[in-house]
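Inspection log for the structure reproduced underneath, given as structure tokens.
Every chain is numbered from 1 and lettered A, B, ... according to where its sequence line falls, protein lines coming before strand lines. Quick note: numbers below take in every heavy atom, side chains included, and nothing from hydrogens, waters or symmetry partners.
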Number of protein chains: 2
Amino acid sequence: MMSMYTKNINTHLIEIKNYFKAAISVDCVIFGFNNDELKVLLIESDLKEYKGKWSLLGDIVRPDEELDEAAYRVLKARTGLDNVYMEQVQTFGGINRHPAGRVITVAYYSLVNIEHVELKMHNNELHWHSVKDLHEMAFDHKQILDTCHERLKQQVMVQPVGFNLLPKKFSLRELQNLYEAILDVELDRRNFRKKFLSMDLLLDLNEEEEDVPHRPAKLYKFNFDKYDQRKKRYLGIGF
Amino acid sequence: MMSMYTKNINTHLIEIKNYFKAAISVDCVIFGFNNDELKVLLIESDLKEYKGKWSLLGDIVRPDEELDEAAYRVLKARTGLDNVYMEQVQTFGGINRHPAGRVITVAYYSLVNIEHVELKMHNNELHWHSVKDLHEMAFDHKQILDTCHERLKQQVMVQPVGFNLLPKKFSLRELQNLYEAILDVELDRRNFRKKFLSMDLLLDLNEEEEDVPHRPAKLYKFNFDKYDQRKKRYLGIGF
DNA sequence: TCAAAAGTGTTCCGGGTACACCCATGT
DNA sequence: ACATGGGTGTACCCGGAACACTTTTGA
């Protein structure tokens, strides 16, 4: 009786080979931004159970591989990109979530500049899908996507991560469209501009859009260095 | 070459037994609140590598067990409590984090009323430790604890989860002490009271503290029903 | 000259913060 | 009476929200 309490893996472990083991995978929710829409990079599954359904990009974690490493490996293999924003979100371990047996998956989301990926996308089966009109997916991947999207919404309101989805140079309009797409809200243009300009973190490049059929907008880039140097203040209790 | 890209577990899985598997555990960061201090429930490790060091409460996930179930099982076994606030936080998969082999652990934190636990704590080796003066721990458990504490800080500012650490009836002073302990800040008493009373979510019980050597404080309880009925508003972008 | 989007300021309101005094109770 | 913490109100400031007109460019 006592032994069932005390003989656990943090205290009196006997032999690890006596324990149940499961396959571990990582799944990457790779977000991009294009045509004023939040996109996610998906692949068609060929597993017979999910034939033709969209699935996230993922793979099994290797014996000598950290979880983050595995996620970066998947991302790199699929997009050619490295050094992009990535964050672990949640782990999904439903008993029957994978038809081949118990596979526990650690979900990550990452934010990439969709222009940089396009180069690597020819002749394979990857597709950028609008997050908004995506309903059915393979496995529990819709749930994973929703969870990651929710996390992204929270992050984007509190940290300057959205810029990872934009080109280095962007207009305030593009930035606003990005926020509107991620949060699925409409924002007042003047207040949005005022807000971001008053943060004093956008660097005015003294450049303008080109080839637009209207008055060209000024281009900015985000001053990450300046942001990093600022200390955060206490945020207050707000619910 | 192409095959390394396409033959992954979400698309062309061959046989799951060919893949590397790891042991999966859950670790619970069980927070309590006592003597105006944030506490965490720990156990001494008897593994020779960590003899005498403090470790979190955790155990291996069973073959037919959901991750959340496993976490609740650990919690129940150690505290006798069920139906408490619990939230998955992050998964730690460092290659050498466990001396017995690769063990990937999913970390949860939970918030319990420390009074309810005390009953079950006699004659075992569990201890409530002040989070503030806890430095060295077994495994990577200090890192796990820090991550969970950080998450708790974020949550407590945005959702009414703190009440799970208090008795059903509490004074505003106790509530303030709780926030100060979790966030490690000092708050102005008048503003704190105004804030919480203006939320109109505290139910005045028309009762008072007893046996205190000064003017007794009024007791309140949190109106969870009322909170649940309110819709959240858009929070704004704030970083 | 027209269409389309860029750019710009003011007012109002609510919440955050700083701050000091009287009150109720037990010893 | 005294010590201890409970309870209260006001003034200021800043940031969020609502809101309409002029400017620049390409077609």
Exercise. Starting at CD of Glu208(B) and ending at C1' of dG5(D), how long is that distance when rounded to a whole Å?
Worked result: 13 Å
Problem set entry | Rounded distance (Å) that lies between atom P of dT8(D) and atom NZ of Lys218(B) | 7 Å
Exercise. Starting at CG of Leu172(A) and ending at C1' of dT24(D), how long is that distance when rounded to a whole Å?
Worked result: 16 Å
Exercise. Expressed in angstrom and rounded to an integer, what is the separation of Arg189(A) atom CZ from dG16(D) atom P?
Worked result: 19 Å
For this session: Write down the distance between CD (Glu180(B)) and P (dG5(D)), rounded to a whole number of angstrom.
Result: 14 Å
Exercise. Would you call the rings of Phe163(B) and Phe224(B) parallel, tilted or perpendicular, where under 30° means parallel and over 60° means perpendicular?
Worked result: perpendicular
Exercise. So, Thr105(B) side chain and Ser25(B) main chain: donor-acceptor pair closer than 3.5 Å or not?
Worked result: yes
For this session: Rounded to the nearest angstrom, tell me the gap between atom CG in Leu219(B) and atom C1' in dG6(D).
Result: 12 Å
Close N or O pairs between protein and nucleotides 9-11 of chain C (under 3.5 Å):
unit_1	atom_1	unit_2	atom_2	d
dT10(C)	O4	Lys194(A)	NZ	3.0

Problem set entry | Salt-bridge criterion met for Glu136(A) and Lys53(A) (N-O under 4.0 Å) | yes
Exercise. Can you tell me if Gln176(B) and Glu180(B) form a side-chain donor-acceptor pair at under 3.5 Å?
Worked result: yes
Problem set entry | For atom CZ of Arg173(A) and atom C1' of dT8(C), their distance in whole Å | 14 Å
Exercise. Under 6.0 Å between the ring centres of His141(B) and Trp54(B)?
Worked result: no
Problem set entry | Nearest heavy atoms of Leu38(A) and Phe33(A), plus distance in Å | N-CD1, 4.1 Å
Exercise. Would you say Arg215(B) reaches dG7(D)'s phosphate, i.e. side-chain N/O to OP1/OP2 under 4.0 Å?
Worked result: no
Exercise. Can you tell me how far P of dG6(D) sits from CZ of Phe192(B), to the nearest Å?
Worked result: 12 Å
